[in-house]
Amino acid sequence: MVSINTVAHGAEMIPTWRAEKKFTFPILVGATREFLEQYDYRGSPTNFLINAQGKVLFKHLGYGPGGEKVMEAEIRDMLGLDPFEG
Amino acid sequence: MKIRQFFTLVLFLGLSVPAAGYQEVPPKLEDPAAKEKAEKRKRLQEINRLQDEAQKRELLEKFIEENPQGPHLDEAYNSLLATLLKADAGQAVALTDQLLARPQNSENPWLHKTAYHYRFRAFQKQKDEEAIQALAQHVLETQTAPDLLHEVAGSDKERALVLYEKALAEKKKNPTDDSFPHVGHLYSDYAGALKKAGRKDEALAQMSEGVQFTADQVAKISALPENDPQRRPLDMWRWELIELHRSLARLQADMGLHEKAAETMGKVVERAEKDLAELEALPDQDPLRQRLRFLKETLPSQYSSFAEMLVDAGQAEKGLEALEKADRLLANAVPDSRRTFEQTRARLYEKMGNAEKAMEGYVRAFAFGMDPKVREKIKTLADQVGKPEQEFLAQAREIRENHAQNFKPFELKTVEGETKTFQDFQNKVTLVNFFFPT
C-alpha cells in the first residue's frame, strides 16, 4: 500500500501525523494538480485497488460508514479469498 | 463522511488559496494602530503554524501575557485552548474556569463562547458525564447565543429538544442575521428533534414555518435592485430554501405523506434545473460557473430522492423519468457515484415489483463496489428470479474487468526524499490512497 499526499503545502505535517497514527506504509509527496488530473482525482480520499496486471479494479471516492467493509471484501476477493467470510 | 460534507470539502479545495497563504492588503504605514493590529495577527498566524505543540503553547501563553487586551485575544485563546485540549483536558478545563470568571466585554465577544465550547469538549474527552450534563443544563439556563446553544444541543441528547427550541427562539429575535447557524438550519434541527420525540405534527409545523420564512426572505431580497449591497446574502438564503425544502420533503415522506413529499421535492428539482440553465447560459469566464460542477454533482441525488418519493406516491412512471435524468447526468461520473445511483434505481425497481430490472442494477452496483448489503440483495433476488447467485456475481465480475483501466505509472518522492515509482509498490494487490492531510 502507498499513500500520496494531494496537498502541495501540507507535507510538513506528515512525519508527526504518521508517527501519531503509527502508520507503516510509505507516503509520497510532490503531487501537482496536473499529476492528480491524470488520475481523474476529484476529492479526498480516493482509493485505487490495482491487481497484479496493473488494472484498476476498484476506485473509491470519499469515505462513508461501512466503506472499510467494502474495501476489505474487495481486497480479499483480489487475493483469492472468500470476500465475505467471517 | 456524508456526501454533502464531502462535496463541501471538494469545493473548498477548488477554491483554496495558493500555498503561500493569502496576500493581506498591506496596512497604511501612516496608521500605527492598524499596523500594530496586522502585526499581531501575523504573529499569531506564525505561532499557529508551528508543529511542536509544547512550543506553540508556550508562545501562545507568552503572546497573551504580552498582549492582554485587544480583539486578537479571541483567536489566541481559541488556539491555546485547542493546544491544551490535545495535551491535557484538565488544563483546558482550568483555563476555561478562568475565562468564564471574567465579565463579558465588547472587545472580546467570543471569549465566553469559546470557553464554553472547549469546556464541553474537554469534559467529553474526559468522559465526565456528570460534568457534561451540568454544563449543558447551565448553558440552557444562562446562555442565549444561538450558535452555542446549537452546539451543545448537537452533543446532549437529553436536552437537545429544549436547547434547539431556545436556540431558534433566540435566533428569531434577529432572524436575518447570517452568522452560523442560519435560522433555516435551526428550524430544521428543531423539527428533527421534535420528530425524534414523536411530535411529528409539530415538527411538520416548524418545518413549514421555516420554509415560509425563508421563502419570504428570498422574495424580499430578490426584489432589491441589482447593485444593492443588501443583496449579498441572497445566495445563502436561496441555498437554505432548497435545503429546507429537502428536509421538509423527507419529513413528509417519513410521515407517509408521499404525495406532499413528491410535490415538495419537485420544487427543489425545479429550482435546481432553473439554476443549472441560468449557470450554463453564463459566459465561459464568469466565475459563477464554478458552481456548475457542484450543482451537477448534487443534482443526481436530488433526482433520486425525487424519484423515490414519486414511486412511493404511486407515480412510478414519473419516478423512472426522474431516474433517467439522474442517469444522464452521471454518464461520466466516477464509478462510486454510479454505484449509489444503481443501488437506488434497483431499490425502486424492487418497490415497483420488477425483480429482473432490480437485479440488473444491483449487479452493476456490485461490479464497482463489493458492498455486503448489495451482495445480500443479489442473493435474495436470485431466489426470486430463479437463477443461481453465482451467475450474477460472475456478471458483476465481468463488468468490473471490462471497465478496468491501466493504472498510470508515476514517479514521486517519499517524505524522506527518496524517489519511487509505481513499480516499486506493485504487488498482487496494490492499494494507492490519495489523501488530504488534516
Side-chain angles (χ1 to χ4, degrees), chain A residues 1-18 25-31 35-36 38-66 69-80 83-84, chain B residues 1-3 6-7 9-10 13-14 16 18-21 49 51-53 293 297 334-337 339 368-376 397 400-401 403-418 420 422 424-438:
Chain A
M1 169 179 168
V2 58
S3 244
I4 300 180
N5 175 23
T6 62
V7 177
H9 54 280
E12 331 80 63
M13 306 187 229
I14 292 173
T16 322
W17 174 69
R18 174 167 57 181
F25 49 81
I27 300 181
L28 306 178
V29 297
F35 178 91
L36 295 175
Q38 277 185 70
Y39 297 94
D40 194 25
Y41 171 79
R42 301 191 196 190
S44 252
T46 297
N47 288 299
F48 293 87
L49 279 170
I50 304 154
N51 67 11
Q53 289 72 43
K55 299 265 187 203
V56 178
L57 290 188
F58 298 99
K59 179 182 177 185
H60 291 302
L61 175 59
Y63 179 74
K69 290 203 174 68
V70 175
M71 283 222 293
E72 194 185 317
E74 292 163 0
I75 292 171
R76 290 180 64 97
D77 189 63
M78 286 169 79
L79 287 171
F84 298 107
Chain B
M1 192 195 289
K2 292 190 187 130
I3 268 292
F6 168 64
F7 283 120
L9 180 63
V10 172
L13 286 174
S16 64
R49 270 199 279 268
Q51 293 306 307
D52 184 338
E53 292 290 314
R293 184 167 140 175
E297 279 169 344
V334 294
D336 264 352
S337 304
R339 196 155 64 95
F368 299 113
M370 297 181 70
D371 187 336
K373 289 191 218 130
V374 175
R375 195 268 177 123
E376 281 308 307
R397 197 180 291 284
R400 184 184 310 142
E401 281 165 10
H403 275 85
Q405 299 189 325
N406 286 314
F407 190 75
K408 293 200 175 67
F410 62 75
E411 191 181 289
L412 287 174
K413 287 208 163 89
T414 64
V415 181
E416 295 79 19
E418 231 185 297
K420 295 277 181 189
F422 176 56
D424 293 323
F425 304 108
Q426 195 166 9
N427 214 316
K428 188 165 178 186
V429 177
T430 316
L431 169 63
V432 177
N433 158 261
F434 285 75
F435 75 102
F436 173 80
T438 50

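Naming: A, B, ... by sequence-line order, numbering from 1 per chain. Just the heavy atoms: all of them, side chains too, but no hydrogens, waters or symmetry mates, feed the values below.
The residue among A:Gly54, A:Pro83, A:Gly80, A:Ala73 with the most heavy atom pairs within less than 4.5 Å of chain B is A:Gly54. Of the listed residues A:Met71, A:Gln53, A:Lys55, the one with more heavy-atom pairs under 4.5 angstrom with chain B than any other is A:Lys55. Most heavy-atom pairs under 4.5 Å with chain A: of the set B:Asn406, B:Val374, B:Asn427, this distinction falls to B:Asn406. The candidate with the highest count of non-hydrogen atom pairs below 4.5 Å against chain B, out of A:Met1, A:Lys59, A:His60, is A:His60. Ranking B:Pro372, B:Pro409, B:Gly417 against chain A, the residue ahead of the rest is B:Pro372, based on heavy-atom pairs under 4.5 Å. Comparing B:Phe407, B:Phe425, B:Phe368 by how many heavy-atom pairs each has under 4.5 Å with chain A, the most go to B:Phe407. Counting heavy-atom pairs closer than 4.5 Å to chain A, the top residue among B:Glu418, B:Glu416, B:Glu401 is B:Glu416.
Residues A:Val29 and B:Val415 come closest through the heavy atom pair CG1-CG2, 4.1 Å.
At a 4.5 Å heavy-atom cutoff, A:Glu72 makes no contact with chain B through either its backbone or its side chain. Only the side chain of A:Phe35 comes within contact range of chain B, judged by heavy atoms closer than 4.5 Å.
Counting heavy atoms from C-beta on, the side chains of A:Phe84 and A:Arg76 never come closer than 4.5 Å. Within the 4.5 Å cutoff, the side chain of B:Arg400 has heavy atoms near those of the A:Asp77 side chain.
Put simply, the side chain of B:Lys420 never gets that close to the backbone of A:Leu28: no donor and acceptor are under 3.5 Å apart. Under a 3.5 Å cut-off, the side chain of B:Thr414 and the backbone N or O of A:Ile27 do not form any donor-acceptor pair.
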